[in-house]
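Below is one structure, written out as structure tokens; the observations come after it.
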Protein chains: 2
Amino acid sequence: MTVNLDDVDWAIIAQLQQEARISLSELGRRVSLSPSATTERVRQLEALGVITGYHAMVDLTKVGYPVLAIVRLKYPGNHHQPLRRLLAERREILECLRTTGDDCYTLKVAAASMGHLETLMDELAGFGSTTTSVVYSQPLPYRGPDRP
Amino acid sequence: MTVNLDDVDWAIIAQLQQEARISLSELGRRVSLSPSATTERVRQLEALGVITGYHAMVDLTKVGYPVLAIVRLKYPGNHHQPLRRLLAERREILECLRTTGDDCYTLKVAAASMGHLETLMDELAGFGSTTTSVVYSQPLPYRGPDRP
DNA sequence: ACTGAAACGAAAGATGC
DNA sequence: GCATCTTTCGTTTCAGT
């Protein structure tokens with residue numbers, strides 16, 4: 001499943017992980033490649049599924065979601081469909097990871113207030129027992145993986 | 001701290017959260033605005049800190065990190081500097097949230113193998129007691145917040 | 001706060017190395 | 001797999017509303 005990536009591929013990935021909206025010409029300048037060669041490399045990385053997308057990041061507080069929480073969910077049964085439906089519907093759930101261990105799901109949830117978070121927790125509590133931690137701060141700026 | 005956003009702002013945010021590399025002209029077409037008006041709106045959203053950046057997302061398995069784990073860290077002391085240093089150095093740590101509750105930090109860690117994860121855990125264990133959950137799957141495609 | 005026009009720079013595609 | 005060239009399209013700036 002691993003793709004072989006050379007120095008230039010990693011340089012491209014590093015640049016686009018930090019600044020996804022730079023032009024292909026600018027990207028080419030930064031990695032010392034012509035615009036067309038850069039375009040071809042980026043196309044390949046996308047086609048191979050190495051780069052899966054480009055996303056704007058938003059300040060949750062500024063858009064009205066000042067409360068961020070991590071919810072761990074202990075989900076006993078095997079009937080995952082209802083939970084999948086909730087994940088799709090409730091846009092306050094920003095991320096969901098299924099994990100080993102006692103808590104099968106770990107969710108990241110954005111809420112407009114503690115009252116709103118309470119409502120969301122009530123919905124999730126229908127699926128199993130939950131453990132909620134409210135996030136104080138995010139001590140790490142965004143970054144993706146680096147070359148090994 | 002909240003910024004007032006109208007329908008057009010939210011439409012712009014929604015588009016850029018899904019596809020950050022579309023041209024400003026294309027974005028303008030999608031939200032029914034001229035290129036120059038679109039440019040000005042995006043510039044404002046960036047200047048206000050509503051949009052904090054644009055990032056390429058990468059398939060961790062394809063770039064050589066097939067093991068993803070969530071690590072909860074119970075950090076007793078108040079000396080956070082050494083941990084901050086580790087966060088900055090160890091690029092395998094992709095995310096770090098400081099939270100309420102018994103486990104003060106929740107980290108997302110990418111590893112090349114279980115052996116590599118073991119090494120990383122040993123480093124983290126120096127700071128406090130850890131609970132590690134390996135991620136099976138990510139049942140939710142990436143998405144940011146939606147309009148309330 | 002948005003439109004429209006004009007100059008500049010970038011993207012896309014074809015060709016040759 | 002990469003560079004160069006040309007056409008087409010996007011970006012930027014500014015006048016005007």
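In what follows, every chain begins at residue 1, and chains take the letters A, B, ... in the order their sequences are listed. These numbers were taken from a predicted model, which means no experiment stands behind them. All values below were derived from every heavy atom in this structure, side-chain atoms included, with hydrogens, water molecules and symmetry-related copies excluded.
- Within a 6.0 Å sphere centred on CD of B:Glu118, heavy atoms belonging to other residues, nucleotides or ligands number 12 at most.
- Contacts between residues 45-59 of chain A and DNA chain C, defined by a heavy-atom separation under 4.0 Å, are absent.
- Separating the CG atom of A:Asp6 from the P atom of D:dG1 is a distance of 10 Å, rounded to the nearest angstrom.
- Counting heavy atoms from C-beta outward, A:Val71 and A:Thr131 have side chains that stay 4.5 Å or more apart.
- Two residues are said to be in side-chain contact when any heavy atoms from C-beta on lie closer than 4.5 Å; A:Leu73 and A:Leu83 meet this criterion.
- Following rounding to the nearest Å, A:Arg41 (CZ) and C:dA11 (P) show an atom-to-atom distance of 18 Å.
- There is no side-chain donor-acceptor pair under 3.5 Å between A:His55 and B:Glu19.
- For B:Asn4, there are no side-chain hydrogen bond (donor to acceptor under 3.5 Å, both in side chains) partners at least two apart in sequence or on another chain.
- Residues A:Val135 and B:Arg98 have side chains not in contact (no heavy-atom distance under 4.5 Å, counting atoms from C-beta outward).
- Atom pair A:Arg43:CZ and C:dA12:P shows a separation of 6 Å (rounding to whole Å applied).
- The nucleotide whose nearest atom lies closest to any side-chain atom of B:Arg29 is, among D:dA3, C:dT3, D:dG10, D:dG10.
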Annotated protein contacts, base or backbone, on nucleotides 11-17 of chain D with a non-hydrogen cut-off under 4.0 Å, one of B, S, - each: BSB----
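- Straight-line distance from the CG atom of B:Leu33 to the P atom of C:dC2: 6 Å, rounded to whole Å.
- Spacing between atom CD1 of A:Ile12 and atom C1' of D:dG1 amounts to 12 Å, rounded to whole angstrom units.
- With rounding to the nearest 0.5 angstrom, the CD atom of B:Gln18 is 9.5 Å from the CG atom of B:Leu16.
- Residues A:Cys104 and A:Thr99 are not in side-chain contact: their nearest non-hydrogen atoms beyond the backbone lie 4.5 Å or more apart.
- Distance B:Gln44 CD to C:dA1 P: 7 Å, rounded to the nearest Å.
- The shortest distance between side-chain heavy atoms of B:Thr39 and B:Leu27 does not fall below 4.5 Å.
- Taking atom CD of residue A:Glu40 and atom P of nucleotide C:dA10, one finds them 20 Å apart after rounding to whole Å.
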